[in-house]
There are 2 protein chains.
Amino acid sequence: MKNGIKEVAKKANVSTATVSRVLNSSEVVTEETKRRVLAVIDELNYMPHAIGRALVTRQTNLIGVILPDVHSEFFSELIRGIDKAARQHNYHIIVSSTHSDKREIESMLTVMQGGRVDGLIIMSPHIDTEEVIKHLSPLSRVVFVNSYLNGASFDSVTIDNYGGAYQMVEHLIEHGHKRIAILKGEERNYDAQERFRGYLDAVKDNGLDRIKNFELLGDFTEESGYDAMIGVLRMKSKPTAIFCSNDSMALGALRAMHEKDIIVPGEIALAGFDDVPSARYVLPSLTSVHVPIFEMGKEAVEHLFVSLEGKNGGEGKKMMLPTLVIKRESCGCTPVAT
Amino acid sequence: MKNGIKEVAKKANVSTATVSRVLNSSEVVTEETKRRVLAVIDELNYMPHAIGRALVTRQTNLIGVILPDVHSEFFSELIRGIDKAARQHNYHIIVSSTHSDKREIESMLTVMQGGRVDGLIIMSPHIDTEEVIKHLSPLSRVVFVNSYLNGASFDSVTIDNYGGAYQMVEHLIEHGHKRIAILKGEERNYDAQERFRGYLDAVKDNGLDRIKNFELLGDFTEESGYDAMIGVLRMKSKPTAIFCSNDSMALGALRAMHEKDIIVPGEIALAGFDDVPSARYVLPSLTSVHVPIFEMGKEAVEHLFVSLEGKNGGEGKKMMLPTLVIKRESCGCTPVAT
DNA sequence: ATAGGTGATGTAAACGTTTACATTGCATAA
DNA sequence: TTATGCAATGTAAACGTTTACATCACCTAT
């Protein structure tokens, strides 16, 4: 007992064309006919076949979302933002995580194209974004999110990594710190690069010396933050403040300091980036740079729709969302609760 | 300059059927022909049109995932597990969050069915699951995840909420506690119910009195944990231990105790549920019940594929994944680091 | 030499819609 | 009365594949 548009048409004594017109609320159908068709649709519990429809309209109402591995708050917030905005346009999203694996990215793009989605949102924080672009069919609509994209004419939405880092470091300087270390992220990570750039400029613009020893390398994980901090604590002349390129590393650093009985911020002040939920609940609470992830997802979708509706291809519109320094206990702004 | 299978066929001097056979690696094609076709495919950069294919094969290689609002670690872990398993079968996933809104669920189901996906994974922790089931087309393949599902003949994968709570409470009892409070989740939440049931049975089986005053109501948010704890601290005769139905509430409770200078676990011991990442980093670190979220997603997909491959409809196979008590500082197992 | 078999390829229908165009019936104007 | 126009509906092609079936060439056994 299959029931397609044909069955509905027959039962309602009209042609499939008319049923289709009712379905797409075309104006030209008589009230009477419309009522009859609707009744039959209801009776047969008819559901339009999305694939059949997509084949002819060349529209799937689907957006593909390609992400690298990403920590959980970021991931869920981004998806939430994207989904929310997509739903408002009556779209759904196909999500896939690439683990930043080249072969995986490639296969993903192949699958996603070929009519399966109307547009693509890609996050590619590593420098291999050029690889990605190479596999992009020229007619596909794409918006990049928080990606390394030098000059390529694609739409993109990013957060102000540079500015956030700059302001945070400047804030530490306002506290009187002159020896500020940075815990960097992976070299090839775009966010990490930008945040480092912000640190460097803030240090320079405020007349402090750049101390190469204080530029530590991490990889955005809690462990790497812990390890790096242990290293710092072995230094003869220690920094008085540490700016971590993300909160996970800051939490790791904090753990190391707890273990070694270092008082934060008394002996060493600490600041992170991302403002993850835990930042509020650790002791001392973690000063961090808030990042509008949800909004970024939302904006990405809006950009995509502009591109989808306009005839002309994406004109490479870039958008940068502001970040915000959240002052808590670990930088010394608020007395530490005990 | 469109290029479909026809263009490939023409250029390679074969019929579309042969191209299709090459594409689907059918055995019967000559080596020579295959090579020629493959060459043309490469030259034209031909990509099979997924929709055209789906229309005739009646297969989209897509799994729909419908989730309520869910906290971020849970969300991302679950998606990760589902995506990983799906990719192994060459499937992609369509994700949508319903915010537990009835109308939204309904429209979601309608959209998702009608040939758009091959199967559905649904998480519906609230009691209104029956509403969901009502809108399920009988031929759609579905696996429920962590859902309230009394007896309905659907496949489902859940975690052992009851057992985890039971063991955790029993563990607190082993520490010598006799006055153990519980911070419950919303009444209509399935997880919350089960965890409460575990608490109740553990208390009873160990010969302790049920103290109604100690059964506090929360809603799984950090704030509700904080508020409830403030209430507890005003009680004349306080509990000596508190079991929170999830970690967010436990973190809230912890914050309240910090503010009021209550020593944990010295004065009041604390335990949570979910084992979120922050549990490791708060002070004191939080004893909690670990939940295999990733695995749950993976298992859900595997169940779905069994159902997809088998001719017969889902036989209502249920699977329950074990939970694990993780002992840290907040229950008194480990000395608290300072 | 011929029938029958086999292996490779081609032909065309089918999947479930939408939509350009054709048709119909009817009202209105000349 | 007949042309004209218009509103409502129908007809059938199209979207891009897959696949059952037909065809064809060639080989083998009789």
Side-chain angles (χ1 to χ4, degrees), chain A residues 1-38 40-41 44-62 110-118 137 139, chain B residues 1-38 40-41 44-62 110-118 137 139:
Chain A
M1 165 220 135
K2 83 170 175 176
N3 66 18
I5 201 175
K6 289 204 200 114
E7 281 67 29
V8 175
K10 186 185 291 178
K11 191 140 190 171
N13 266 318
V14 293
S15 70
T16 62
T18 299
V19 177
S20 175
R21 281 191 269 257
V22 171
L23 248 28
N24 298 285
S25 47
S26 156
E27 308 302 309
V28 297
V29 187
T30 302
E31 250 345 280
E32 151 67 11
T33 319
K34 187 191 255 174
R35 258 205 354 263
R36 209 170 61 237
V37 171
L38 251 19
V40 176
I41 286 179
L44 296 187
N45 202 345
Y46 166 71
M47 237 172 250
H49 194 267
I51 302 298
R53 176 177 286 181
L55 187 57
V56 40
T57 59
R58 333 235 56 187
Q59 248 218 349
T60 58
N61 278 58
L62 248 33
T110 315
V111 171
M112 288 264 190
Q113 296 178 290
R116 200 183 270 283
V117 298
D118 295 346
S137 143
L139 17 76
Chain B
M1 167 218 141
K2 83 170 177 179
N3 67 16
I5 200 174
K6 290 205 199 108
E7 282 67 30
V8 175
K10 186 184 291 178
K11 191 143 192 167
N13 265 320
V14 294
S15 69
T16 62
T18 299
V19 177
S20 174
R21 281 190 270 257
V22 170
L23 249 29
N24 299 285
S25 47
S26 155
E27 308 302 309
V28 298
V29 187
T30 302
E31 251 343 282
E32 150 67 11
T33 319
K34 187 191 254 174
R35 258 207 352 265
R36 210 171 60 238
V37 172
L38 249 18
V40 176
I41 286 179
L44 295 188
N45 202 347
Y46 166 70
M47 237 172 249
H49 194 268
I51 304 297
R53 177 177 283 181
L55 186 58
V56 39
T57 61
R58 332 236 54 187
Q59 248 216 343
T60 59
N61 279 57
L62 247 35
T110 314
V111 172
M112 288 263 188
Q113 296 177 291
R116 200 183 270 282
V117 298
D118 295 347
S137 140
L139 16 76

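Note on naming: letters A, B, ... go to the chains in the order of the sequence lines (proteins, then strands), and numbering restarts at 1 for each one.
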Practice task
Any chance you could list the contact pattern along nucleotides 4-17 of chain D? Use B for base contacts, S for sugar-phosphate-only contacts and - for none, protein heavy atoms under 4.0 Å, 5' to 3'.
Solution key: ----SBBBB--BBB

Kindly list each side-chain donor-acceptor pair under 3.5 angstrom involving residues 50-58 of chain B, sequence neighbours excluded, with atom names and distances?
from    : atom 1 : to      : atom 2 : distance (Å)
B:Thr57 : OG1    : B:Arg53 : O      : 3.0
B:Thr57 : OG1    : B:Gln59 : N      : 3.4
B:Arg58 : NH2    : A:His49 : NE2    : 3.3

Handout entry: Any residue meeting side chain to side chain contact (heavy atoms under 4.5 Å, CB included) with A:Glu31, in chain and number order, not counting sequence neighbours
Key = A:Lys34

Practice task
Rounded to the nearest angstrom, tell me the gap between atom NZ in B:Lys34 and atom P in C:dT9.
Solution key: 11 Å

Handout entry: With sequence neighbours excluded, residues passing side chain to side chain contact (heavy atoms under 4.5 Å, CB included) with A:Thr110
Key = B:Met47

Practice task
Kindly write out the residues that satisfy side chain to side chain contact (heavy atoms under 4.5 Å, CB included) with A:Val111, not counting sequence neighbours, or none if the list is empty.
Solution key: A:Arg116, B:His92

Practice task
Go through the structure and list residues passing salt bridge (charged side-chain N to carboxylate O under 4.0 Å, His left out) with B:Arg36, not counting sequence neighbours.
Solution key: B:Glu32

